[in-house]
Amino acid sequence: MPELFGIRLGAVLVTGLILATMFWKLDNSPKGVQERLGFFAFAMSTTFYTCAEAIPIFLQERYIFMRETAYNAYRRSSYVLAHSLISIPSLLFLSLAFAATTFWAVGLAGGVHGFLFFFFTICAAFWAGHSFVTFLSGIVTHVMLGYTVVVAILAYFLLFSGFFISRDRIPLYWIWFHYISLVKYPYEGVLQNEFDDPTKCFVRGTQMFDSTPLGSVPVAMKLELLKSMSTTLGVNITGSTCVTTGTDVLKQQGITDLTKWSCLWITVAWGFLFRFLFYFTLLLGSKNKRR
């Protein structure tokens with residue numbers, strides 16, 4: 001269905017252009033850190049929400065699938081494999097379009113290597129999201145019911161991804177949902193890709209007051225406060241002293257348990273898991289057996 005892919009590509013490009021113009025060339029400041037976090041959370045969740053278009057595909061093909069498997073036209077495993085393979089080219093194209101639209105415009109770090117990892121992470125997120133929605137399409141029997149379930153579950157995934165509340169602050173009785181959140185792994189992967197440089201500074205001397213009631217006081221007063229803090233702590237803190245590096249940002253967000261490559265491979269593995277579960281639902285949902 002090329003018209004469906006065209007609409008999906010248009011949605012990805014429009015979203016990418018909006019994000020690129022909204023977060024244009026972010027600076028290395030406390031506000032720049034918060035804006036980067038917001039950009040990554042919205043970007044990763046967008047990749048999953050745009051996969052909701054896969055809901056009606058199998059629901060429309062269900063009757064044909066049941067008829068052809070009943071006549072032994074092909075195995076269920078062949079259908080799942082073909083369904084997976086034909087989705088890969090479109091996912092790669094969508095990922096490249098979104099990554100090229102946003103990476104350089106937002107001013108993300110890492111150069112070419114950073115761009116490639118960002119592209120691979122988006123591609124893995126599309127793969128996991130498409131596989132998840134495909135799996136749900138094998139369970140639900142109505143399109144509107146499927147959309148409702150997908151939107152609700154993806155909202156829960158975003159809630160527990162670590163953006164709204166860090167892993168260290170999530171209650172113990174909800175921590176399990178944090179680890180099964182599909183948004184968690186690509187979100188943490190792109191954050192590490194952006195902030196893994198320990199030499200890159202995001203908060204300097206006087207900037208530490210920006211998010212406090214002292215943010216509006218004159219710069220001269222802030223420098224006097226830094227001198228007083230230096231005397232008390234025994235450490236020389238000037239207006240240009242680096243206070244928070246990229247590594248510190250990751251620690252503040254509670255992103256310390258996995259590497260960025262682990263996050264990428266886990267996201268890919270989620271996709272394969274849901275493809276297997278989709279095959280399992282087809283196996284249980286039909287009593288037709290190949291003879």
Show your working on side chain to side chain contact (heavy atoms under 4.5 Å, CB included) between R275 and T134 and close with a plain yes or no. CA-CA 8 Å; R275 292 290 173 175; T134 302; 3.9 Å; yes
Is a side-chain donor or acceptor of S230 paired with a backbone partner of V235 at a separation under 3.5 angstrom? yes
Got a second to check how far L13's CG is from L94's CG, nearest 0.5 Å? 8.5 Å
Evaluate ring-ring contact (aromatic ring centres under 6.0 Å, His included) for Y187 paired with F40, printing each intermediate quantity in order. CA-CA 6 Å; Y187 173 67; F40 286 129; 7.4 Å; no
Can a salt bridge be assigned to the pair K184 and E188 using a cut-off of 4.0 Å between side-chain N and carboxylate O? yes
Do the side chain of S181 and the main chain of H178 share a donor and acceptor less than 3.5 angstrom apart? no
Ring centres under 6.0 angstrom apart (F195, F202): yes
Given the options W270, F157, F48, F132 meets ring pair (Phe, Tyr, Trp, His ring centres under 6.0 Å) only with F157
Answer with yes or no after comparing the ring centroid distance for H83 and Y79 against a 6.0 Å cut-off, counting only values under it. yes
Can the ring centres of F278 and F135 be said to be less than 6.0 Å apart? no
Got a donor-acceptor contact below 3.5 angstrom from the T21 side chain to the L17 backbone? yes
What about W104 and F120, same hydrophobic cluster or not, with Ile/Leu/Val/Met/Phe/Trp/Tyr joined at side-chain heavy-atom distances under 4.5 Å? yes
Let me check something: do F272 and L85 share a hydrophobic cluster, defined by ILVMFWY side-chain heavy atoms less than 4.5 Å apart, either directly or through other members? yes
Relative to the ring of F276, is the ring of Y279 parallel (under 30°), tilted (30 to 60°) or perpendicular (over 60°)? tilted
Under 3.5 Å side-chain donor-acceptor pair for S262 and T259: yes
Apply side chain to side chain contact (heavy atoms under 4.5 Å, CB included) to V190 and M44, showing your working. CA-CA 9 Å; V190 292; M44 293 304 105; 4.2 Å; yes
Mind checking whether Y156 and Y147 sit in one hydrophobic cluster, side chains of I, L, V, M, F, W, Y counted as touching below 4.5 Å? yes
NZ (K200) and SG (C242) are apart, to the nearest 0.5 Å, by 12.0 Å
Under 3.5 Å, is there a donor-acceptor pair linking the side chains of S29 and D27? yes
S45 side, atom OG; L159 side, atom CG - distance, nearest 0.5 Å: 12.0 Å
For the student: nearest non-hydrogen atoms of F118 and N193, plus distance: N-ND2, 4.3 Å
Interatomic spacing from CD1 in I175 to CD1 in I180 - rounded to 0.5 Å: 11.5 Å
Taking the six-membered ring for Trp, are the ring centroids of W261 and F117 within less than 6.0 Å of each other? yes
Give the minimum heavy-atom separation between F103 and A109, together with the two atoms involved. CZ-O, 3.5 Å
Is it the case that R167 and T256 place a side-chain donor and acceptor less than 3.5 Å from each other? yes
Locate the shortest heavy-atom distance separating L191 from I255; write the atom from each residue and the value. CD1-CD1, 3.1 Å
